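I have placed the structure first, in the form of C-alpha cells, so that the comments after it can refer back to it.
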Amino acid sequence: MKNQPFHKRLSYSLQGIRSAWKQEASFRTQAWMALGVVAVLIALRPPAIWWALLLMNCGLVLAAELFNTALEQTLDHLHPEIHPAIKVAKDCAAGAVLVFSFSAVGTFLAFLWSMVVRTSSPG
C-alpha cells in the first residue's frame with residue numbers, strides 16, 4: 001500500500017471515516033457536535049482565533065475517535081476473548097477521547113464566555 005497515488009490514499013481515508021460513521025455511535029455523536037460548533041461559529045462570527053481553536057479541538061476529538069475505533073477493531077479481531085491487558089489498552093484509548101472531549105468542551109465554554117463578555121461590555 002506504500003507509494004500509491006494520492007486519490008487511492010484519500011479513498012482509504014474516506015472509507016475509514018465512513019466505517020467509523022456506520023459502526024460507532026460515539027463518532028456520529030462527536031461529528032454532529034462538531035457540526036453544531038461550526039453552526040455556532042457561522043452564527044456568531046467570532047475572531048479567527050476562535051475558529052482555529054474550536055475547529056482544531058473538533059478535529060482532535062474526531063481523530064481520537066478514529067484512533068480508538070481502529071484500536072478496538074484491531075484488538076477485537078486479534079483477540080476476541082476478554083483479556084485484562086486488552087481491556088487496559090481499550091480503556092486508555094477511550095480515556096484519550098474523553099480527555100480531548102473535556103478539552104473541547106472547556107475551549108467551547110471559554111469561547112461562549114468571551115462572546116458574552118464581548119457583547120455585554122460597553123463601547
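In this text the structure is predicted, and so the values were computed from the model without any measurement. For this chain, numbers begin at 1 and follow the sequence in order.
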Ring centers of W113, W50 separated by less than 6.0 Å =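 Distance test on ring centres: not under 6.0 Å, no.
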Mark yes or no for whether N57, through its side chain, and L53, through its backbone, hold a donor-acceptor pair below 3.5 Å.
->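 Such a contact is found between N57 side chain and L53 backbone.
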Expected output: side-chain S103 to main-chain V99 donor-acceptor under 3.5 Å =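 No, the answer is negative, given that no donor and acceptor are paired below the 3.5 Å cut-off.
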Euclidean distance, [Y] [atom2] relative to [X] [atom1], rounded to 0.5 Å:
X   : Y   : atom1 : atom2 : value
S11 : F6  : OG    : CZ    : 10.0 Å
T29 : E24 : OG1   : CD    : 10.5 Å
H79 : T74 : NE2   : OG1   : 14.5 Å
W21 : L62 : CH2   : CG    : 9.5 Å

Is there side-chain contact between [X] and [Y], with at least one heavy-atom pair below 4.5 Å?
X   : Y    : value
E65 : F100 : no
P46 : L41  : yes
F27 : I17  : yes
Q73 : Q23  : yes
W51 : I42  : yes

Show the nearest heavy-atom pair for residues [X] and [Y], with the distance to one decimal.
X   : Y   : result
A93 : L71 : CB-CD2, 3.6 Å
N68 : A94 : OD1-N, 3.6 Å
A89 : L75 : CB-CD1, 3.9 Å

May I have all residue pairs that pass salt bridge (charged side-chain N to carboxylate O under 4.0 Å, His left out) and include part of residues 85-112, sequence neighbours excluded?
->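 Output for this query lists D76-K90, K87-D91.
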Common cluster, [X]/[Y], ILVMFWY with side-chain heavy-atom separation under 4.5 Å:
X    : Y   : result
L98  : V61 : no
L44  : I49 : yes
M115 : M33 : no

Assess the side chains of Q30 and S101: does a donor N or O sit below 3.5 Å from an acceptor N or O?
->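 Judged by distance alone, the side chains do pair up.
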How about L14: does its CG atom have over 12 heavy atoms from other parts shown lying under 6.0 Å from it?
->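 More than 12 heavy atoms, drawn from other residues, nucleotides or ligands, come within 6.0 Å of this atom.
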Please report the C-alpha distance between V38 and L55 in whole Å, then the side-chain angles of each, then the deciding distance to 0.1 Å, and finally whether the side chain to side chain contact (heavy atoms under 4.5 Å, CB included) criterion is met.
-> CA-CA 8 Å; V38 170; L55 293 177; 3.8 Å; yes
Partner set under side chain to side chain contact (heavy atoms under 4.5 Å, CB included) for F108, not counting sequence neighbours =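 Counting only residues at least two positions away or on another chain, F108 forms a side chain to side chain contact (heavy atoms under 4.5 Å, CB included) with V37, V40, L54, F111, L112.
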